[in-house]
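The block underneath contains the structure these notes are about, expressed in structure tokens.
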Amino acid sequence: MAGRTDEQHRIALFIDFENLVTNTGISANNFDLQPALDQLLEQGKVVFRRAYCNWSRFEDAKQRLHDVGVELVDVPPSTRAGKNSADMRLVIDALELCYAREQIDTFVIASGDSDFCPLAYKLRENGRTVIGLAVREASSQMFVRACDQFIYMKPKHRGESSHKDKDKEHGGRGSKSDEGKGGKRGGKGHDKGHDKGGKEGAESKGGKPKAEVPAVAREVVQSLLRRATGPLNPSLVKETIVRKEPDFDERDHGFSTFARLLEALEQEGLLRRIQQGRQGYIVSADSDVGAPAQETKGGKGRHAKAPAPVEEEEEELESYPDPDDEGL
């Protein structure tokens with residue numbers, strides 16, 4: 001497992017469904033897992049997908065989950081008050097999978113409940129990466145900090161209703177609202193397009209606050225560059241920020257990509273971006289790494305072989321006796 005690349009991660013997804021649709025702004029009839037699933041698929045292959053719930057209460061969501069390959073585990077209420085044991089079933093299955101399937105190195109817990117903190121601690125103790133997945137307003141900060149990374153789902157309750165209203169007014173045209181992405185009409189391709197390009201479009205139309213560099217990004221960049229002995233890979237910077245703040249997402253600060261955030265830091269004079277081959281790196285603003293390459297691009301590269309004629313002149317100055325002259 002030590003030599004794995006990001007594309008080789010094996011991911012197990014466990015969903016505490018009732019937690020995701022109770023007082024979160026997401027309901028069973030508009031629950032859409034695909035946008036979050038797309039983000040997970042960028043990190044690796046989701047080989048295990050299971051959702052726990054008393055499904056007699058949420059019939060509307062069953063088909064949507066089946067469509068994205070999620071296995072549904074029915075957990076009837078265990079008490080007269082209606083409380084079920086879905087949490088306990090989820091924990092037992094996750095630990096069993098952790099010990100039985102060593103190739104699965106990433107566990108996603110779709111819930112904002114702090115009761116899952118012990119599970120997250122135990123999984124990390126066994127060398128697994130833990131990703132949390134829930135709605136921001138319904139997520140315990142204790143559980144967020146217990147995860148290696150945290151992905152927020154966006155409720156589309158209000159967004160979908162306004163979307164439908166605008167469809168009626170404008171003859172079915174799509175809404176500009178970012179909350180309406182990933183709806184029924186979107187399909188998989190529509191969701192991916194909104195995830196990657198919709199954010200930037202919303203920024204340009206004033207749908208989000210002005211881009212502002214977060215303090216944690218400045219702190220991490222300054223700390224890493226201060227201790228660095230060479231150019232830094234931007235992915236290392238992103239990973240370090242996420243370790244400090246598992247729920248960090250540059251889009252929440254107005255940047256469509258992490259590269260845009262680095263560009264803003266470069267404009268502030270905290271770093272300098274350089275290109276070495278096909279890979280981009282960052283160095284401190286006063287570093288001379290990469291300077292020769294920039295001079296070459298400026299047109300001075302043509303004079304790089306200037307010492308060659310000097311060497312030829314030096315060789316011409318050396319003289320050797322002519323054999324014919326010696327005979328004379």
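Each residue takes its place number in the sequence, starting with 1. Keep in mind that the numbers below use all heavy atoms, side chains included, and drop hydrogens, waters and symmetry copies. None of these values were measured; they are calculated from a predicted model.
Listed by first then second residue, pairs satisfying side chain to side chain donor-acceptor pair (under 3.5 Å) with a partner in residues 89-101 read Arg50-Asp93, Tyr52-Asp93, not counting sequence neighbours. Applying the side chain to side chain donor-acceptor pair (under 3.5 Å) rule to pairs touching residues 129-141 yields Arg136-Asp252, sequence neighbours excluded. Applying the salt bridge (Lys or Arg N to Asp or Glu O under 4.0 Å) test to residues at least two apart or on different chains, the pairs with a partner in residues 111-122 are Lys122-Glu125.
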>> Assess the residue pair Arg145 and Glu245 against the criterion (salt bridge (Lys or Arg N to Asp or Glu O under 4.0 Å)); give the C-alpha distance rounded to whole Å, side-chain angles, the decisive distance to 0.1 Å, and a yes or no.
In response: CA-CA 7 Å; Arg145 298 297 179 184; Glu245 291 191 3; 5.2 Å; no
>> Using side chain to side chain contact (heavy atoms under 4.5 Å, CB included), reason through Gln34 and Arg64 one step at a time and then give a plain yes or no.
In response: CA-CA 9 Å; Gln34 191 62 51; Arg64 288 174 173 270; over 6 Å; no
> side chain to side chain contact (heavy atoms under 4.5 Å, CB included) between Leu271 and Leu262: does it pass, once the steps are laid out?
Replying inline: CA-CA 8 Å; Leu271 58 86; Leu262 292 178; 4.2 Å; yes
> Between Asp247 and Tyr152, is a side chain to side chain donor-acceptor pair (under 3.5 Å) present by the stated rule, with each step listed?
Replying inline: CA-CA 8 Å; Asp247 58 346; Tyr152 288 120; 2.8 Å; yes
>> Please evaluate residues Asn30 and Asp32 with respect to the criterion side chain to side chain contact (heavy atoms under 4.5 Å, CB included), reporting the C-alpha separation (whole Å), side-chain torsions for both, the decisive distance (0.1 Å), and the verdict.
In response: CA-CA 6 Å; Asn30 69 11; Asp32 187 7; over 6 Å; no
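To the nearest 0.5 angstrom, Leu224 atom CG is 7.5 Å from Ile282 atom CD1. Rounded to the nearest 0.5 angstrom, Ile241 CD1 and Phe248 CZ are separated by 4.5 Å. With rounding to the nearest 0.5 angstrom, the CD1 atom of Ile109 is 10.0 Å from the CG atom of Leu133. The structure places CD of Glu219 at 11.5 Å from CG of Leu270, a figure rounded to the nearest 0.5 Å. If you take CD on Gln222 and CG on Leu265, they are separated by 9.0 Å, rounding to the nearest 0.5 Å. Rounding to the nearest 0.5 angstrom, the gap separating the CD1 atom in Ile131 from the CD atom in Gln149 is 4.5 Å.
In this structure, the ring of Phe31 has its center no less than 6.0 angstrom from the ring center of Phe58.
Within the 4.5 Å cutoff, the side chain of Thr106 has no heavy atoms near those of the Gln43 side chain. Side-chain contact between Thr22 and Thr24 is absent, with no heavy-atom pair separated by less than 4.5 Å. Here the side chains of Met153 and Leu20 are in contact, with some heavy-atom distance below 4.5 Å. Contact annotation: the side chain of Ser27 never approaches that of Val21 to less than 4.5 Å [non-hydrogen atoms, C-beta and beyond]. The closest side-chain heavy-atom distance from Leu261 to Pro214 is below 4.5 Å. In this structure, the side chains of Asn233 and Gln279 come closer than 4.5 Å at one or more pairs of heavy atoms. Put simply, the side chain of Leu90 does not reach to within 4.5 Å of the side chain of Ile15, judged on heavy atoms. Side-chain contact between Val283 and Leu232: absent, with no pair of heavy atoms (C-beta onward) separated by less than 4.5 Å.
Partners of Asn23 under the side chain to side chain donor-acceptor pair (under 3.5 Å) rule, at least two apart in sequence or in another chain, do not exist in this structure. Partners of Arg243 according to the side chain to side chain donor-acceptor pair (under 3.5 Å) rule, which considers only residues two or more places apart in sequence or in another chain, are Thr240. In this view, Asp60 satisfies the salt bridge (charged side-chain N to carboxylate O under 4.0 Å, His left out) rule with no residue, not counting sequence neighbours. With sequence neighbours left out, the salt bridge (charged side-chain N to carboxylate O under 4.0 Å, His left out) criterion links Glu266 to Arg273. Judged as a ring-ring contact (aromatic ring centres under 6.0 Å, His included), and not counting sequence neighbours, Phe258 has no contacts. Taking Phe14 as the reference, Phe48 meet the ring-ring contact (aromatic ring centres under 6.0 Å, His included) condition, with sequence neighbours excluded. Annotation: side chain to side chain donor-acceptor pair (under 3.5 Å) contacts of Thr229 (sequence neighbours excluded): none. For Arg227, the side chain to side chain donor-acceptor pair (under 3.5 Å) criterion is met by Ser223, not counting sequence neighbours. By the salt bridge (charged side-chain N to carboxylate O under 4.0 Å, His left out) test, Asp148 pairs with Arg124, sequence neighbours left out.
The cluster map of Ile, Leu, Val, Met, Phe, Trp and Tyr, joined by side-chain heavy atoms under 4.5 Å apart, puts Phe143 and Tyr121 in different clusters. If you chain together hydrophobic residues whose side chains sit under 4.5 Å apart, Leu119 and Ile92 never meet in one group. Leu236 and Leu225 end up in the same hydrophobic cluster when Ile, Leu, Val, Met, Phe, Trp and Tyr side chains are linked at under 4.5 Å. In the hydrophobic clustering of ILVMFWY residues, with side-chain heavy atoms under 4.5 Å counting as a link, Val73 and Met88 come out apart.
Residues Leu97 and Ala12 share a closest heavy-atom pair of CD2-CB, 3.6 Å. Heavy atoms only, all atoms of each residue included: Cys98 and Leu123 are closest at CB-CD2, 3.8 Å. When all heavy atoms of Arg251 and Ser256 are compared, the closest pair comes out as CG-O, 3.9 Å. Shown here for Ala86 and Val75, the closest heavy-atom pair between the two residues is N-CG1, 3.6 Å. The heavy-atom pair separating Cys147 from Phe150 by the smallest distance is SG-CD1, 4.1 Å. Taking all atoms of both residues into account, the shortest heavy-atom contact from Ala134 to Gly112 is CB-N, 3.6 Å.
Judged by distance alone, the side chain of Trp55 and the main-chain N or O of Leu72 form no donor-acceptor pair under 3.5 Å. When atom types are taken as modelled, the side chain of Arg128 and the backbone of Phe107 share no donor-acceptor pair closer than 3.5 angstrom. Using a distance-only test at 3.5 Å, with no hydrogens or angles considered, no donor-acceptor pair links the side chain of Arg10 to the main chain of Val46.
In summary, of the residues considered (Leu40, Leu37, Ile151, Val130), a side-chain contact (heavy atoms from CB on, under 4.5 Å) with Val108 occurs for Leu40 alone.
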